[in-house]
Amino acid sequence: MKKINKNLFIIFTFILISFIIISAVQAENADSDLFIPEVDYKYYSLDNGLELFVFEDHKVPIVNFSIYYDVGSIDEKKGLTGISHLLEHLMFLGTDTLNKGQISEMIKDVGGSENASTAHWRTKYYETLPSSNLELAVAIEADRMRNLNISEKEFQREKEVVIQERRMYIENDAFSSAVEEINAAAFKNTPLEHGIIGWKEDLEQITLDDIYNYYENYYVPSNAVISISGDVTGEKAYQLVKKYFGDYESKKVKKAKFKFPEQKEEKVVKIRKVTRVPYIVMFYKLPSGDNPDMEAVDFLHNILINNSTSRIIEELKQKQNILLDANAYRTSLSVPNFSRIVLIPNSEINIEKVVQGFEKELQKIIENGVSEEEIKIMKKGMTKNLILAQKNISNFSDMIIGDYIKYGRPEFYREKIERINSVTEADIIDAAKKYFNKSSRTIGYIMPKK
Amino acid sequence: MRKKLFVILIITSLLITFTIHTSAEVDFTQELYSKLSENTNPIPYLDIPNYNSAVFHNGLKIYLLEDHSLPYIDIKGYIKGGRILENEDNAGITDFMTAVMNTGTQNYGEKELNRFKELNAVDLNLSSSDHYISFSGNALTSEKNKLIFLLKEILLRPNFAAEYRSRLLAERERNIQQSKTRQNSLLEMYFFKNIYLGHPYSYAHDLDLLLDNLDYYTPENLKKYYDKTVRPNKTIMILYGDFDSKKMLKKLHKEFSSWKNSSEFWKQPTVTAEESNYGKVILINKEDATQAKIKMGYNLDIRYFKDRIAFTLGNEIFGGGDLTSRLSKNLRAEKGLVYNIYSKYVDKKAGGYYILNTSVKPEKTYLAVESINKEIEKIIQGKEQITEDDIFEIVNRRNVFFPKSYRRKEDLLQSVIFNIEFKERDKNYINKFIQAYNILSAEDVNKYFEKYIYPGRFLTVIVGKKEDILPQFEENSISVEVIEID
C-alpha cells in the first residue's frame, strides 16, 4: 500500500523498448499480421493548464482515473529528501471535508480500489472503480488537490509509518542499504544522490509547514496531468474534469535542472554487510532519457549482460563458473540518467576476476563489435514482447503520459521505433566508448562482514 | 447622475456575476460524497470458454482454446506430484531436477539451448510446487512448432549427467547459504518447520535440510526420480492462442503419444496438527536486523464449501491487506506501528494453515503481537463483530474485480482447468463461488470466523535482534524459545 513502485519505471521502459522494435518487425514480416496497435486517445486541456488524456475501452464497465503530478524525488532539495513520498502518504489522511480514511472507505463502498506511488519524476494517485462512479474519483482528486487538511498528530504518526517503510525496504536489507550508499557516492550533490524514500534524518526533520509549502508549490492544475481510461467517453470525462477542476487557479511551477559534476577518476566504495555472497554494483552516467544514443545503450546492456546468451553470462557464469548472476538497467528521466550494472560473483575471492572479466568483454565489443546474431536475438525477443504487451493495452496509457510529462511528446514511442530500427553495430560501439568509461564510473563492492 | 449610478450598478452587478462565476467551485460536502459513493454492483456471471480437450492413450491430457486476436501461442502445464513426493533424504530434488531440465537436454547443451530459445524468441520454463511441477511458455505463431519441439526436448530428453549439473549444484549451495542471511527465509524456515513438522510441505523452507541433501542429487538419483515422477499420465497441457485446434492436437499426438507412462502409485502424506506448537513463541536472533519480522499462524483445514467462503470473507474484513482492514486500521492508521499487515488462509490438499504477517520496529514487537490478539478478541467476544455493511463492501468490490481479473480468456481457462484437475471441482465452480459469497449474511461470517480463528493456537515466529525484543516478552512473563543463527 502506498509503497514506492520501484519496478514501475523498469516495466514502462521495457514496454517502450518493445514498441521500438516494431518497425524492424514490419520489415521482416511484411506479409504477416503484425501491427502497431493504434493507441487511440483524446486530449483536452483547461485554461488553468490542467491536461487530460482519455483512453476509451468499453469492454467491461470499469474505469481508471489517474492524476500525475510532475514532481518526484529529483525535485527535492537537500534536507527535504523523501518529501514527495511522505506527501503521497499524507494525501490519504483527509481534506477540509473528508475525514482520515474516508477516501479509501468511499472507494471501497462502490467496489473500487485506490492507491498511489512516487517515482523519481512524478507522484501518481489512482482509483479503479465502476464507470458509473467515475465522478467520485474526480471529486476526491479535485478536493485533495486543494483542500488537504492534516493535523500535527496525524502527520507525526504517518511519518513513523514512512520511517518504518524505509527501515523495512532499505535499512533492513543488506543489498538495498549498500546500494543506497554507493548510489549516494556516485551522484553526490545532485538530486539523484538520494533514493525516492529519502534520508532518514531528513524524514525526521521535515515539518508540517514544509509539507504544506511543497503541496502548495507543486499540487496545482498546471503541474498535473490526468489520465482516464476505460468505460467512459472523452466528452463525458472532459466535462467532469472541467466541473471539478475548471475554476482552480493556474500557478507557474519552477523545475530545477542539473548536470552531473565532472568526474575525472573512478570512485570506489567498499562496504561490508551480513551477506555470504558479494555484489559488485557499477554506476555509469548517461544523458537525458530521450537522447538518441539510449537505444544503443539498451542493445549493449542486453548483448553484454541481460540475456541467457549474453557475453558475461556465457563467459563468467557458464564457462568460468565464477559468477552467480548479473543484470543491467538504465533510468529514463528528462534530466541526466544512469546505467546500473550488478554482478554477483560466487565468492569473495572471485571479485577481481569478475570485474576484469566484465571489462574484458566490454573492451571486446569496443574493439571487435557485435555479431548480426546478437542484434537479431535482441530484435526477435523484443518483437515477441511487443505482441505480448498488447494483451493489456491499458498499460500504454501510462507510457504515453510518462513520455508526455518527461519529454513533452506523448507519441515518443513512434520516434523511438525509427531510432531503434536504425541502430547499427557502430552505434553500439560508440555508446560503449562514450558512456562506459572507467574514469566516470562508480564501483561499489558489497562484501561479507568478517 | 442617474445615468452614472446606473452604469456603476451595471458594472457592479457584472463584477459580482463574474466573481461568482470564477469562484463557482464545487462545494465539497459530506452530502456530495454520500451521493457519489452510492452503488450496488450486479452479481457477475463469467462465461466459461468453450475449450476442446483430449486424452492420449498414454494418459496425457490436453486442453485447447483458440484465440486469433494476436499472433502468439501460450502453453501452461502441470505434472501432478511435486514436492509432496519427496522424503527427508531427497528433499529438494524436485526443484533441482527442474533446474537441470531447464538448462539443457540430451541434444542441446546449455549454450545451444539458450541460443535456440533466444533466436526463436521461444520461452519455456519448469518450476516445482508442493503438488505439481508446472511448465509455462510462449512463442509467436510463426514459431509454434519450435515451442512444441522445445517442450518435447525438455520434458522427454533431460540430461542429468551434463556438466552444468555440477555448476548448478554449486550455485544452489551459494544461494541457500545466502538465504540464511535473509530475514524472510529464516522466518519461513522456522515457521514451516514447526507447523509442518517432518512433512514434505516444510522441506522447501528448511535451508539446513536442503544443504544437507545436495550430495544426493547425483545423475543416477535424478534420473530415477525423473522416471518416477515425470510421466504422461500425470501431465496436463493447456494451450491457448493463435492455432488450429485439430492441427495442434495432431502435432501433439505425433510428438507425445509415444511418451511412456508409469503405473506407480504415490502415497501422499497428510498433515497432523502439532499441538505442542500452540501458543509457542520462537525468536530467531539476527543481530543486524533493524526490523522485527513476525509470522503468526496455525494448521487449519476448512473442508466445507460454505465454511471456507464465509471464513475467507471474514478474514478479508479482518486482515485482507488493504488500508481498510481491521488490522490495518488499528496497527497502521491508529497506532502507526506497522507499514503493512495481512492475514490469510492457505488451503492445501494435505493440510492448510492460517497465517498473519507483519514487520515492526523491534522495540514495538510485543505491542504489535498484543494488538493483533486484541483485534481478534474484539470480533470473537462480540465487541466489534463483522457487520452487514462490512460484508456489503467486500462483496461489492469482489463483484467488480472478478470480471476484471478474468477479462482475459486465458486466465479464466487456466483457473477452470486448475479447479477441475487439482481441486476436484466442476468447470462452473467460479460462478458457484461468486453466487455463494453473494448470499452470505453477517451472522454466517461471524459464525465461521469465530469457528476457525484460534488465538490460543498461534505459533509466533519472530526474526530480529534478540536484545531489543526478548525483554518485552520477559516483562510480560511469556516464555520464548531463542534460536541463534550460525
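A quick note: this is a predicted structure, and the numbers were derived from the prediction, not measured.
Looking at A/Ile140, both its backbone and its side chain come within 4.5 Å of chain B, counting heavy atoms on both sides. Using a 4.5 Å cut-off between heavy atoms, A/Gln102 contacts chain B through its side chain alone, with no backbone atom that close. Only the side chain of B/Arg182 has a heavy atom closer than 4.5 Å to any heavy atom of chain A. Both the backbone and the side chain of B/Asn138 come within less than 4.5 Å of a heavy atom in chain A. Of the atoms belonging to B/Glu143, it is side-chain heavy atoms, and not backbone ones, that fall under 4.5 Å from chain A. Of the atoms belonging to B/Phe28, heavy atoms from both backbone and side chain fall under 4.5 Å from chain A. Contacts of B/Lys35 with chain A are absent, with no heavy-atom separation under 4.5 Å from either backbone or side chain. Neither the backbone nor the side chain of A/Phe245 comes within contact range of chain B; no heavy atom of the residue lies under 4.5 Å from a heavy atom of that chain. Contacts between A/Ala174 and chain B at a heavy-atom distance below 4.5 Å are absent for every atom of the residue. Both the backbone and the side chain of A/Thr309 come within contact range of chain B, judged by heavy atoms closer than 4.5 Å. Only the backbone of A/Leu323 comes within contact range of chain B, with heavy atoms under 4.5 Å apart. For B/Glu38, the part lying near chain A is the backbone, with the side chain staying farther off; criterion is any non-hydrogen pair under 4.5 Å. Looking at B/Lys293, only its side chain comes within 4.5 Å of chain A, counting heavy atoms on both sides. Contacts of B/Ala139 with chain A are made by backbone atoms alone, with heavy-atom separations under 4.5 Å and no side-chain atom involved.
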Audit row: B/Arg407, A/Asp57, salt bridge (charged side-chain N to carboxylate O under 4.0 Å, His left out) steps and yes/no: CA-CA 13 Å; B/Arg407 66 187 292 185; A/Asp57 176 2; 3.2 Å; yes

One pair to check against side chain to side chain contact (heavy atoms under 4.5 Å, CB included): A/Leu129 and B/Val400. What are the steps and the verdict? CA-CA 8 Å; A/Leu129 67 181; B/Val400 172; over 6 Å; no

Residue pair A/Lys317, B/Glu110: steps toward the salt bridge (charged side-chain N to carboxylate O under 4.0 Å, His left out) verdict: CA-CA 11 Å; A/Lys317 181 179 165 80; B/Glu110 181 172 23; over 6 Å; no

B/Gln178 vs A/Arg276, side chain to side chain donor-acceptor pair (under 3.5 Å): CA-CA, chis, key distance, verdict: CA-CA 5 Å; B/Gln178 182 67 359; A/Arg276 295 195 188 176; over 6 Å; no

Does the salt bridge (charged side-chain N to carboxylate O under 4.0 Å, His left out) test come out yes or no for B/Arg115 and A/Glu314, once each step is laid out? CA-CA 11 Å; B/Arg115 272 201 157 42; A/Glu314 288 197 346; 2.7 Å; yes

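When each of A/Val60, A/Asn307, A/Val162 is scored by its heavy-atom pairs under 4.5 Å with chain B, the top score falls to A/Asn307. Listed options A/Glu249, A/Glu160, A/Glu105 were ranked by heavy-atom pairs under 4.5 angstrom with chain B; first place goes to A/Glu105. With chain A as the partner, the residue from B/Glu393, B/Glu118, B/Arg397 showing the most heavy-atom pairs under 4.5 Å is B/Glu118. Residue with the most contacts toward chain B among A/Lys159, A/Lys449, A/Met106, A/Arg167: A/Arg167 (heavy-atom pairs, distance under 4.5 Å). The greatest number of non-hydrogen atom pairs below 4.5 Å with chain A, out of B/Tyr164, B/Phe392, B/Tyr72, is found for B/Tyr72. Contact count versus chain B (heavy atoms, under 4.5 Å) is highest, among A/Met168, A/Glu171, A/Lys273, for A/Met168. Ranked by non-hydrogen atom pairs under 4.5 Å with chain B, the options A/Asn147, A/Leu134, A/Leu98 are led by A/Leu98. Ranked by heavy-atom pairs shorter than 4.5 Å toward chain A, the options B/Ser166, B/Gly336, B/Ala289, B/Ala333 are led by B/Ala333. Contacts with chain A were tallied for B/Thr40, B/Asp74, B/Val395, B/Leu119; B/Leu119 has the most, counting heavy-atom pairs under 4.5 Å. Of the residues considered (A/Thr95, A/Leu324, A/Asn133), A/Asn133 shows the highest number of contacts with chain B, using heavy-atom pairs under 4.5 Å.
The line from NZ of A/Lys108 to OG of B/Ser325 is 7.5 Å long, rounded to the nearest 0.5 Å. Taking CD of A/Glu165 as the start and CZ of B/Arg332 as the end, the distance is 7.5 Å to the nearest 0.5 Å. Rounded to the nearest 0.5 angstrom, B/Leu323 CG and A/Ser113 OG are separated by 11.5 Å. In this structure, B/Thr29 OG1 and A/Asp143 CG are separated by 10.0 Å, a value rounded to the nearest 0.5 Å. Here the CZ atom belonging to B/Arg167 is positioned 5.5 Å from the CD atom belonging to A/Gln318, to the nearest 0.5 angstrom. Summarising the geometry, atom OG belonging to A/Ser132 is positioned 11.0 Å from atom CG belonging to B/Leu36; distances are rounded to the nearest 0.5 Å.
A donor atom on one side chain and an acceptor atom on the other are not found under 3.5 Å apart for B/Glu171 and A/Asn346. Remark: the A/Asn172 side chain and the B/Thr290 side chain contain an N/O donor-acceptor pair separated by less than 3.5 Å.
B/Asn41 places no side-chain N or O within donor-acceptor distance of the main-chain N or O of A/Pro130, the cut-off being under 3.5 Å. Using modelled atom types, one side-chain atom of A/Gln164 and one backbone atom of B/Leu337 make a donor-acceptor pair closer than 3.5 Å. Checking side-chain atoms of B/Gln30 against main-chain N and O of A/Thr97 turns up a donor-acceptor pair under 3.5 Å. Side-chain atoms of B/Asn396 come within 3.5 Å of backbone atoms of A/Asp109 as a donor-acceptor pair (strictly under, hydrogens ignored).
The two residues A/Val274 and B/Lys286 make their nearest non-hydrogen contact at CG1-NZ, 4.4 Å. In plain terms, the two heavy atoms of B/Thr324 and A/Ser104 that are nearest each other are CG2-CB, 3.7 Å.
Counting non-hydrogen atoms of other residues, nucleotides and ligands closer than 6.0 Å to CG of B/Asp208 gives a total above 12. Heavy atoms from other residues, nucleotides or ligands lying under 6.0 Å from NZ of B/Lys180 number more than 12. A 6.0 Å sphere centred on CD of B/Glu163 holds no more than 12 heavy atoms belonging to other residues, nucleotides or ligands. Around CD of A/Glu372, the count of heavy atoms belonging to other residues, nucleotides or ligands within 6.0 Å does not exceed 12.
Of the charged side-chain nitrogens involved, none lies within less than 4.0 Å of a carboxylate oxygen, so that B/Arg174 and A/Asp325 do not count as a salt-bridged pair. For B/Glu334 and A/Lys100, the salt-bridge test fails: no basic side-chain N is under 4.0 Å from an acidic carboxylate O.
You'll find the side chain of B/Lys404 reaches within 4.5 Å of the side chain of A/Thr128, heavy atoms only. A heavy-atom distance below 4.5 Å is not found between the side chains of B/Phe401 and A/Ile62.
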